[in-house]
Amino acid sequence: YRNVKTTVDGITFDSKAEADRYCELKMLQAAGKIDGFGIQPSFVLADGVRYRPDFIVCDRNGHVWVEDVKG
């Protein structure tokens, strides 16, 4: 996919786009726009399928969603 691994805050991301989104989420959290986020959470879906998105995000209203960064 021609992604370039990128390290930010000691965390190595699979792509520059993913590292950029991490920086955006950090700024949103610092500004109080979101309550927080996590990096590469792991979920077991139906039939034992494991899903690992890039981020899980929680907003100020308690809404939670996952994000996969695509180039």
Side-chain angles (χ1 to χ4, degrees):
Y1 297 115
R2 299 183 188 179
N3 291 333
V4 177
K5 290 201 180 273
T6 305
T7 301
V8 177
D9 294 340
I11 305 164
T12 300
F13 296 94
D14 289 335
S15 68
K16 184 176 182 321
E18 191 177 332
D20 289 346
R21 182 59 179 156
Y22 167 77
C23 292
E24 290 173 0
L25 290 169
K26 276 183 41 175
M27 287 189 296
L28 289 170
Q29 185 176 14
K33 302 284 184 179
I34 61 173
D35 278 346
F37 66 97
I39 302 167
Q40 292 191 336
S42 182
F43 301 95
V44 178
L45 304 177
D47 297 328
V49 175
R50 184 162 300 279
Y51 173 55
R52 183 169 291 177
D54 295 325
F55 302 100
I56 185 167
V57 184
C58 180
D59 71 12
R60 295 177 40 149
N61 296 318
H63 298 112
V64 178
W65 66 92
V66 297
E67 295 183 2
D68 274 313
V69 177
K70 304 294 180 205

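None of these values were measured; they are calculated from a predicted model.
- Applying the side chain to side chain contact (heavy atoms under 4.5 Å, CB included) test to Gln29 and every residue at least two apart in sequence or in another chain returns Ile34, Phe37.
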Counting only pairs under 3.5 Å, give me each side-chain donor-acceptor contact of residues 6-14, with atom names and distances, residues two or more places apart or in other chains.
from	atom 1	to	atom 2	distance (Å)
Thr6	OG1	Val4	O	3.0
Thr7	OG1	Thr12	OG1	3.0
Asp9	OD2	Tyr22	OH	2.8
Asp9	OD2	Lys26	NZ	2.6
Asp14	OD1	Lys5	NZ	2.9

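- Hydrophobic clustering, with ILVMFWY side chains joined whenever heavy atoms are under 4.5 angstrom apart, groups Trp65 together with Leu28.
- In summary, Arg21 and Glu18 do not engage in a salt bridge, as defined by a charged side-chain N under 4.0 Å from a carboxylate O.
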Under 3.5 Å donor-acceptor pairs involving side-chain atoms of residues 49-64, not counting sequence neighbours:
from	atom 1	to	atom 2	distance (Å)
Arg50	NH1	Ser42	OG	2.6
Tyr51	OH	Asp68	OD2	2.7
Asp54	OD2	Val69	N	2.6
Asp59	OD1	Asn61	N	2.9
Asp59	OD1	Gly62	N	3.1
Asp59	OD1	His63	N	2.9
Asp59	OD2	His63	ND1	3.2
Arg60	NH1	Gly32	O	3.1

